[in-house]
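The figures that follow rest on heavy atoms only: side chains count, while hydrogens, waters and symmetry mates do not.
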Amino acid sequence: MGRIRRIKHSLGGMITRLKNINGNPRDISLGMALGVFVGTTPFFPFHTSIALVLAIFLGGSRIAAAAGVWISNPITLPFFYVTTYKIGAFFLGTTKPVSFSTQSFSELIHMGLDLTQAMILGGIILGSVLSVVAYFLTFRIVVALKNRRATESL
């Protein structure tokens, strides 16, 4: 139970920080979209680093990018592993059965190139869809929060 409390506490802190991010709604939304995109890939131990580098180079909010990768967390990670594999396997025509009891990307690499390719392709496809949704949803939320703050300060 302690692990779930820590996750809730971490997510609560990130949400609070997101509410307090100052900046352009486009930059914040781009950062969130980048984080969500990276969070769906099988590169679990490197999600935050990859998202931060992308945010720096593409002009997105680094805080939002770091928060966005939390779409993939210890609770949702098994779902993403299975879903990205199934999507990628469908597009690659792979039918190889796999076990998702692994914990890291390096363990997945050892399971075979077919699995790795399927998960990367599936992650890119799923991440593309979810990042577009995250961008527009975040944009609407940030604009609404900024408008509410502006109204409250009058």
Practice problem: Identify the two heavy atoms, one from A134 and one from A33, that lie closest to each other, and give their separation to 0.1 Å. | Solution: CB-CA, 4.4 Å
Quiz item: Taking a hydrophobic cluster as the set of Ile, Leu, Val, Met, Phe, Trp and Tyr residues connected by side-chain heavy atoms closer than 4.5 Å, whether directly or through intermediates, do Y135 and V133 fall within one such cluster?
Solution: no
Quiz item: Where the side chain of T84 meets the backbone of G122, is there a donor-acceptor pair that is under 3.5 Å apart?
Solution: no
Quiz item: S61: what forms a side-chain contact (heavy atoms from CB on, under 4.5 Å) with it, not counting sequence neighbours?
Solution: I21, I28, I63, A64
Self-check item: Side-chain touch L126/F37, heavy atoms, less than 4.5 angstrom
Solution: no
Practice problem: Answer yes or no: is there a side-chain heavy-atom contact under 4.5 Å between L115 and Y85? | Solution: yes
Quiz item: Which one of L130, L137, V132, T138 satisfies the side-chain contact (heavy atoms from CB on, under 4.5 Å) criterion with V36?
Solution: L130
Self-check item: Closest approach of S72 to G39 (non-hydrogen atoms, all atoms of both residues)
Solution: CB-O, 2.9 Å
Quiz prompt | Transitive ILVMFWY side-chain link V129 to V82, under 4.5 Å | solution = no
Quiz item: What heavy-atom pair brings R26 and F139 nearest, and what distance separates the two atoms?
Solution: N-CE1, 3.8 Å
Quiz prompt | I120 and T41, any side-chain heavy atoms less than 4.5 Å apart | solution = no
Practice problem: Flag the pair F80 / I71 as yes when at least one side-chain heavy-atom distance between them is below 4.5 Å, and no otherwise. | Solution: yes
Quiz item: Shortest non-hydrogen contact from R62 to I56?
Solution: CD-CG1, 3.5 Å
Practice problem: Could you check V53, L58, I50 and say which one makes a side-chain contact (heavy atoms from CB on, under 4.5 Å) with L34? | Solution: L58
Quiz item: Between the main-chain N or O of A66 and the side-chain N or O of H47, is there a donor-acceptor pair closer than 3.5 Å?
Solution: no
Quiz item: Does any N or O in the side chain of T76 come within less than 3.5 Å of the main-chain N or O of N73, such that one atom is a donor and the other an acceptor?
Solution: yes
Practice problem: Please report the closest heavy-atom contact between V69 and A51, naming both atoms and the distance. | Solution: CG1-CB, 3.6 Å
Quiz item: How far does CG of L54 sit from CG of L30, to the nearest 0.5 angstrom?
Solution: 9.5 Å
Quiz item: Which distance, rounded to the nearest 0.5 Å, do you find between the OG of S131 and the CZ of F136?
Solution: 10.0 Å
Self-check item: OG1-CD distance between T94 and Q117, expressed to the nearest 0.5 angstrom
Solution: 7.5 Å
Quiz prompt | Whichever hydrophobic residues join L52 through chains of side-chain contacts under 4.5 Å | solution = none
Exercise. Search all heavy atoms of A67 against all heavy atoms of M32 and return the closest pair with its distance.
Key: CB-CE, 4.3 Å
Exercise. Go through the steps to decide whether L77 and F44 satisfy the test side-chain contact (heavy atoms from CB on, under 4.5 Å), and finish with yes or no.
Key: CA-CA 9 Å; L77 191 62; F44 183 68; 3.8 Å; yes
Exercise. Please check if the side chain of K146 supplies one atom and the backbone of N24 the other of a donor-acceptor pair under 3.5 Å.
Key: no
